[in-house]
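In what follows, a structure is listed as structure tokens, so that the remarks can point back to it.
Here the structure is a predicted model, which means the values were calculated and not measured. Index from 1, following the sequence.
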Amino acid sequence: VGVSHLAFSCDGELLVSVGMDADMTVAVHSTFSGSLVGRGKIGRGVEVFSLSVGSNNSLVTGGRNHIKFWDLPKATSPGGELSSKTGLFTIKSITSRTIVSTAYLGEDAVTGMIDGSIVLWKARASTKMVAAHNGPITTMYTISDTENKSIDSRELGPRVFSGGKDGFIHLWDSQFNKLWSLDFNTTTPLSACPQIQAVASRENKVLIGTKASEIYEVNIMNNNEVYRLVEGHFETKAELWGLTAHPTLRRIATCADDKTVRIWDYKSRKQIYISDVDVKCRALAYNTDGSHLAIATLDGKVLVLSDDLTATIAKVTLTTQWTQVIAYSPDGSLLAVGAHDSCIYVLETKSYSLKFKLKGHTSFITCFDFSVDGQFLQSTSNAGELMFWNCVEGGQVLSTTAVRDVRWATFNCVLGWPVQGIWPTGAASSFVNCVTRTSDCKYMVSGDDLSKVKLFKYPSPKANSRFKAYKGHSDEVLNVRFSNDDAYLFSVGGADKAILQFELVRHKTASLHGK
């Protein structure tokens, strides 16, 4: 159960929400007291796609074969049942009754339909329809009577933006005259997926959000003034797993199920390179000098690109199973790849040819680390196994005593003596997804299934070791990495596809500060 939609009243005194419970409950809360001032049921089995609040003490919900108009209660109401009426499709030419987006044009509701038409409603009856987009109208945004006169100083009436899956944005007046348009299929910089997801405006500037996790700013008086403010990984069902820090520069690299590899300058917090590799990928690693970036793909291959992503240095097929973890040895001579066939593939990097295939795990490989001298490898699997390997001879090290004093170049394994204390009592074997350690071996950070980033001292061998927890992700945290100088910590969420940047602040005790 969750909340699918939120909207404030025009005066900001009320917050309206649509719940994801069986009845799709509409709840209205006072923003001052937090108390519930009204609630009502949309109905079981109804798919709700939009919610809007008008200036005339009304709100509208829309969805698949659903439109309902509700009376907005006062902020001091006792919390009774909301009054509502179902909308009437009185225009016979309306063939599609699926409402994707809603807004208000003055005191009248307008709905963006799945077939690309806009419908005007008076009271609860449809009164006018206009063809607006080629395909679903995915978002709408209201401009009040006196707001934004930049298009035409004579226009003082209410207006509404519409944005569609077709990549177009239109501005309409109260008579459905088109005042302004922009085709995002042809704008520069070009969108990776120009489907419009959100629109907002102030004065002569329009903010536009696309399906590609991009936010643009457009000067409504000059369509050539288009600035991309934000970009990121996207795709509806995609996840973001891959994360690595450059060994010398202020850069990180990420890869995801959207089939893109991206390099970011974390000082400016902007993307500087992107490559479409045409395959889902969930792990990547830089070599020692940062000249090679190796990517592990979901079709069992390793792709090695140049540092600017423009040249393919090597492409190696290792298995038919997807590969989840990848790392170079400290001297850069070896590249280890962990796959879902329970094997670890060790390549020599002069030609990226296979040197060893290490077998022993009973489930897929989740993490590993090279020793400082590159002679040993430790690895974990989904079965909760911790194993050790000789990278010189290519075999398993069966005696833990033999590796007791080995110094590990990194510590990304979620199992082992130094990380025993990061596991909560009774936690499932997959609860902690990732861990990383500072290069000075003083601190480490974990990411878990509850969307938490946790900072520990290193090592933390005792049960229930103390930590500081940080929120920000809305989904499980699938990877964490420190920058090459340990000044910053980066984390990536799975389904939220977000990259968070924290500053590691060291005083008497360390803490992470969001950037």
Side-chain angles (χ1 to χ4, degrees), residues 5-17 31 50-60 72 100-112 118 132-133 137-191 193-232 268-270:
H5 295 81
L6 290 170
F8 285 101
S9 60
C10 295
D11 58 12
E13 293 185 359
L14 298 172
L15 177 62
V16 184
S17 60
T31 57
S50 188
L51 162 71
S52 293
V53 179
S55 59
N56 56 344
N57 296 321
S58 67
L59 63 99
V60 59
L72 200 63
V100 183
S101 55
T102 55
Y104 275 83
L105 195 54
E107 295 188 352
D108 301 323
V110 287
T111 55
I118 296 177
H133 290 266
I137 299 175
T138 47
T139 186
M140 304 186 83
Y141 179 79
T142 298
I143 299 178
S144 66
D145 292 23
T146 58
E147 185 183 358
N148 198 339
K149 303 177 183 178
S150 298
I151 291 292
D152 185 341
S153 60
R154 296 166 295 176
E155 274 294 340
L156 299 178
R159 286 141 289 164
V160 65
F161 282 102
S162 65
K165 187 177 181 180
D166 58 3
F168 279 84
I169 302 166
H170 304 304
L171 178 62
W172 309 85
D173 67 12
S174 58
Q175 302 301 313
F176 282 151
N177 297 308
K178 194 183 297 182
L179 302 175
W180 175 83
S181 292
L182 181 65
D183 179 4
F184 246 74
N185 298 283
T186 59
T187 54
T188 302
L190 193 65
S191 170
C193 182
Q195 175 176 319
I196 310 304
Q197 295 293 97
V199 178
S201 74
R202 178 177 291 180
E203 297 177 350
N204 63 336
K205 301 293 178 66
V206 183
L207 289 177
I208 299 158
T210 72
K211 190 177 180 180
S213 298
E214 302 159 326
I215 298 176
Y216 288 81
E217 182 183 81
V218 179
N219 184 340
I220 206 168
M221 302 300 294
N222 184 352
N223 283 2
N224 292 321
E225 291 186 19
V226 179
Y227 304 97
R228 185 163 53 197
L229 307 177
V230 177
E231 53 193 316
S268 63
R269 296 191 283 277
K270 291 186 179 296

Would the distance check show the side chain of Arg159 and the main-chain N or O of Gly157 forming a donor-acceptor pair, the cut-off being under 3.5 Å? yes
Is it the case that the side chain of Asn185 and the backbone of Pro194 share a donor-acceptor pair, with hydrogens and angles ignored and the cut-off at 3.5 Å? no
State whether the side chain of Thr102 and the backbone N or O of Ser50 hold a donor-acceptor pair below 3.5 Å, judged by distance alone. no
For a 4.5 angstrom cut-off between non-hydrogen side-chain atoms, does Phe161 reach Ile220? yes
Quick check: does any side chain N or O of Thr138 sit under 3.5 Å from a backbone N or O of Gly163, one acting as donor and the other as acceptor? yes
Quick one about Glu225 and Asn219 (side-chain donor to acceptor, distance below 3.5 Å, no hydrogens or angles considered), yes or no? yes
Tell me, please, which residues at least two apart from His5 pass ring pair (Phe, Tyr, Trp, His ring centres under 6.0 Å). none
Within the 4.5 Å heavy-atom criterion, are Val16 and Leu72 side-chain neighbours or not? yes
Does some side-chain heavy atom of Ser55 sit less than 4.5 Å from a side-chain heavy atom of Tyr104? no
Has Thr31 got a side-chain atom pairing as donor or acceptor with Glu13's backbone, closer than 3.5 angstrom? yes
For Asp108, which residues count as a salt bridge (charged side-chain N to carboxylate O under 4.0 Å, His left out) partner, sequence neighbours excluded? Lys122
Minimum-distance pair of heavy atoms, taken over all atoms of Ser181 and Asn223: O-ND2, 3.0 Å
Do Ile118 and Ser162 come close enough that some side-chain heavy atom pair is under 4.5 Å? yes
With heavy-atom distances below 4.5 Å as the criterion, would you say the side chains of Tyr216 and Leu182 are in contact? no
Taking the side chain from Thr188 and the backbone from Leu190, do they hold a donor-acceptor pair closer than 3.5 Å? no
Would you say the side chain of Leu207 lies within less than 4.5 Å of the side chain of Leu229, judging by non-hydrogen atoms? yes
Quick one: are Lys178 and Trp172 in side-chain contact, heavy atoms under 4.5 Å? yes
